[in-house]
Protein chains: 2
Amino acid sequence: MAKCESDVSPRSTPRRSYHHGRLREALVKATVELIEARGLDSVSLREVAKLAGVSSAAPFRHFPSRLALLTAVAEEAQDRLIQQIEQSLAAVEGQNALQRFRAIGRGFLLWAITNPTHFQVISNRHIITYETSSLRGRNDQIRRQMSELMVEAAAQNLLRPGDVSAHEIGARALVYGLARMYVDGQFPSWGVSQPNPLDVCNAVFDQFIASISV
Amino acid sequence: MAKCESDVSPRSTPRRSYHHGRLREALVKATVELIEARGLDSVSLREVAKLAGVSSAAPFRHFPSRLALLTAVAEEAQDRLIQQIEQSLAAVEGQNALQRFRAIGRGFLLWAITNPTHFQVISNRHIITYETSSLRGRNDQIRRQMSELMVEAAAQNLLRPGDVSAHEIGARALVYGLARMYVDGQFPSWGVSQPNPLDVCNAVFDQFIASISV
DNA sequence: ACCTGAACACCGTTCAAGT
DNA sequence: ACCTGAACACCGTTCAAGT
C-alpha cells in the first residue's frame, strides 16, 4: 500500500522531558490534522503517535483503542456543535417556535461546513463508539429540543397541515443530507457553482422552512 | 484486534478443479456477504479470498486493488438503482413531471432500504474510485433526468413559487439523508417505531413533495 | 491463463522493561 | 505515573514459482 507524501511532519522540537505533559490533547489534535491532510482512512494510531512525537504504544496510556481516540474527536465535534446551536438560538431569542427550529438547522449547517473533519468523524458511527459514550445522550437532547419546538410551532398554527413528525424528520434529513453532500464533495457535480456552499445550504433549508410554514 | 465470530464460512465443497471459473463474480458476492455479516470496516481481501475458497493473492488476478473490488460492488449497486428507478418511472408513465420526479425519489428510497449494503458501499466515496469508473457518468445521468423533470414541472406551474434548483437539491438531500439515517441506524433513536421504515421514508418524502407543489 | 506461497511493509494492540 | 521496544496476529500488495 503506497503512502502518499504530505505536509504533516512530526514535532520538530523534540520533547525536553520524558513525560509529554498534555499527550491526550496532543493526540486528538494530531488526529484531526492527519484527517485534514490525508483523509479519514489513512489515520493510523502509529502515525498519530509519530506526529505527537511519542512511540506507537504511548497512545494506549490515554485511549484504550483506536475507536476511543476517534470517539474523543467526536466528542470535541459535539461540543462545537452544541456551542454553535446555542449561539444560533441566542440570536433568535424571543422569536416564534418555527424561527427557533430554523435556527437549530442553520446552526447545524454552519457547524458542519466550518468543521467538515469533525462532522465526518461524528457522523461515521462505524469508527466511534456512539452508544456507550456521552454522544448519544447529548444528541438525544438536541433531538428533544427540536421535537418540542415543532410541537409548539404546530400548536401556534405556524405550520401547514400535515404530519408534524414528518415535518421534523424531513427537516433533519434535509439538513443532514446537505451537510453530507458537501463533505462528500457532491456539490460540484450538482452544478452548485455558487462561491459559498453555506449560502446554498441555507437557501435550500430556508425554502424548505418556508414551504412547510403557512 | 479481536475478530468476532460469525456465520460466514468458506466454501464447504472444495473446488474440484484448480481453476475457479467464475472467481470474479464469486469475490463480489463474498464481499457483499462479508459486509452484511460483519460490517464494512471488517472487510479484508484476505477474508474475502478465504470465503471464496482461494488464496489471498488470487483476487489480484481480477482486481488491481481492494478499491477496485469495492468499486465492482458499487457498480452492482448502481445497476440495481437504475433498474429500480426505471421500474418506478414505468409505473407512472404518462403522469405529470412532478409525479415522475417523485417516482425517482421513491425508487431511490426503495432501493436503498432493500439494498442497505450496496447503498453503504456506493455512498462511501472513500472506499471506491468514483471518478474514474462508470459510476460518475451514470449518476450524472440520473441527476440530469431529475433536473429536466423539475424544470418541466416548473414550466407547467406544478410548483409553488421559489427557486427551482433549491427544490431539486432539497429533494435530493432529503431522500439521501433519509436513506443514510436508516442505514446508520438512526431511526430507532428518532422515535420512528413504525414497523416498516420504508413507509416512514415514503411518508416524509411525499409530504415534502406535497409542500412544494401548488 | 490462472492460482499459490512466501515475502514486504504496514497496521492495532499487548506487555515486560525502562525512567 | 508515564513512556519505550519488541512482539503478536493481522492487513494490502507483489512476485517467483507452480499447474
Side-chain angles (χ1 to χ4, degrees), chain A residues 1-6 8 10-11 14-28 30-31 34-35 38-73 121 124 126-129, chain B residues 1-6 8 10-11 14-28 30-31 34-35 38-73 121 124 126-129:
Chain A
M1 199 166 24
K3 282 278 173 187
C4 58
E5 297 300 314
S6 88
V8 177
R11 301 246 76 82
R15 299 269 133 233
R16 56 269 169 272
S17 88
Y18 185 75
H19 290 252
H20 186 287
R22 261 186 280 282
L23 184 52
R24 208 196 123 98
E25 293 89 325
L27 289 168
V28 172
T31 303
L34 207 49
I35 299 173
R38 297 216 296 271
L40 234 174
D41 351 340
S42 67
V43 167
S44 71
L45 271 191
R46 291 174 111 104
E47 263 199 281
V48 167
K50 203 196 294 178
L51 238 174
V54 291
S55 80
S56 60
F60 289 88
R61 283 284 131 195
H62 300 272
F63 301 101
S65 69
R66 186 191 128 104
L67 232 60
L69 171 62
L70 286 167
T71 302
V73 175
V121 172
N124 198 333
H126 304 279
I127 58 169
I128 59 176
T129 55
Chain B
M1 197 163 29
K3 282 278 172 186
C4 58
E5 297 299 314
S6 90
V8 177
R11 301 246 75 83
R15 297 271 131 230
R16 57 267 171 271
S17 88
Y18 185 75
H19 291 250
H20 187 287
R22 262 187 279 283
L23 184 52
R24 209 195 121 99
E25 294 89 327
L27 289 168
V28 171
T31 304
L34 206 49
I35 298 172
R38 298 216 295 272
L40 235 175
D41 349 340
S42 67
V43 167
S44 71
L45 271 191
R46 292 175 111 105
E47 264 199 280
V48 167
K50 203 195 293 178
L51 238 173
V54 291
S55 80
S56 61
F60 289 88
R61 282 285 132 194
H62 300 271
F63 302 99
S65 67
R66 184 191 129 105
L67 231 60
L69 172 61
L70 287 167
T71 302
V73 175
V121 172
N124 199 334
H126 304 281
I127 58 170
I128 60 178
T129 54

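In the text below, chain A, chain B and the rest are named by the order of the sequence lines, each starting its count at 1. This structure is a prediction, so every number in the text was calculated from the model and none was measured.
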Handout entry: Watson-Crick or G-U counterpart of dC10(C), or none if no pair lies under 3.5 Å
Key = none
Handout entry: Assigned partner base of dC2(D), Watson-Crick or wobble definition, under 3.5 Å
Key = dG18(C)
Handout entry: For atom CG of Asp41(A) and atom C1' of dC10(C), their distance in whole Å
Key = 15 Å
Exercise for the section: Consider the side chain of Ala58(A), meaning its heavy atoms from C-beta on, and name the nucleotide among dT13(D), dT4(C), dC3(D) that approaches it most closely. Expected result: dC3(D)
Practice task
Measure the distance from CD on Glu47(A) to P on dC11(D) and round it to the nearest whole Å.
Solution key: 20 Å
Practice task
Look at the side-chain N and O atoms of His62(A) and state whether any lies under 4.0 Å from the OP1 or OP2 oxygen of dC3(D).
Solution key: yes
Fill in the blank from the handout: To the nearest angstrom, the CZ-C1' distance between Arg61(B) and dT13(D) comes to 13 Å
Handout entry: dG12(C) OP1/OP2 closer than 4.0 Å to side-chain N/O of Arg66(A)
Key = yes
Problem - Gap between atom CG of Leu34(B) and atom NZ of Lys50(B) - 0.5 Å precision - result: 10.0 Å
Fill in the blank from the handout: Heavy-atom closest pair (Leu67(B) atom, Ile127(B) atom, distance to 0.1 Å) is CD1-O, 3.4 Å
Problem - Heavy-atom closest contact (Ala49(B) atom, Pro59(B) atom, distance) - result: CB-CG, 3.8 Å
Exercise for the section: To the nearest Å, give me how far apart CZ (Arg22(B)) and C1' (dC3(C)) are. Expected result: 18 Å
Exercise for the section: Ignoring the backbone of Arg46(B), work out which of dT13(D), dC2(D), dG12(C) is nearest its side chain. Expected result: dT13(D)
Exercise for the section: Look at all strands and tell whether Ser56(A) reaches a base, only sugar-phosphate, or nothing, counting heavy atoms closer than 4.0 Å. Expected result: base
Completion exercise
Rounded to whole Å, CZ of Phe63(B) lies from C1' of dC2(C) at a distance of 15 Å
Handout entry: Between C1' of dG5(D) and CZ of Phe60(A), the distance in whole Å
Key = 14 Å
Problem - Minimal non-hydrogen separation, Ala72(A) against Arg24(A), with atom names - result: CB-NH2, 3.9 Å
Practice task
In whole angstrom, give the distance that lies between atom CG of Leu45(A) and atom C1' of dC11(C).
Solution key: 9 Å
Practice task
Please tell me which of Ser55(B) and Ala57(A) maps to the more 5' nucleotide of DNA chain C, matching each residue to the nucleotide holding its nearest heavy atom.
Solution key: Ser55(B)
Handout entry: Gap between atom CG of Leu45(A) and atom CZ of Phe60(A) - 0.5 Å precision
Key = 5.0 Å
Exercise for the section: Report the nucleotide, chosen from dG12(D), dT14(C), dC3(C), that has the shortest atom-to-atom distance to any side-chain atom of Ser44(B). Expected result: dG12(D)
Exercise for the section: Let me know the distance between CG of Leu27(B) and P of dG12(D), rounded to the nearest Å. Expected result: 13 Å
Completion exercise
Between Leu67(B) and Leu23(A), whichever has its closest DNA chain D nucleotide further toward 5' is Leu23(A)
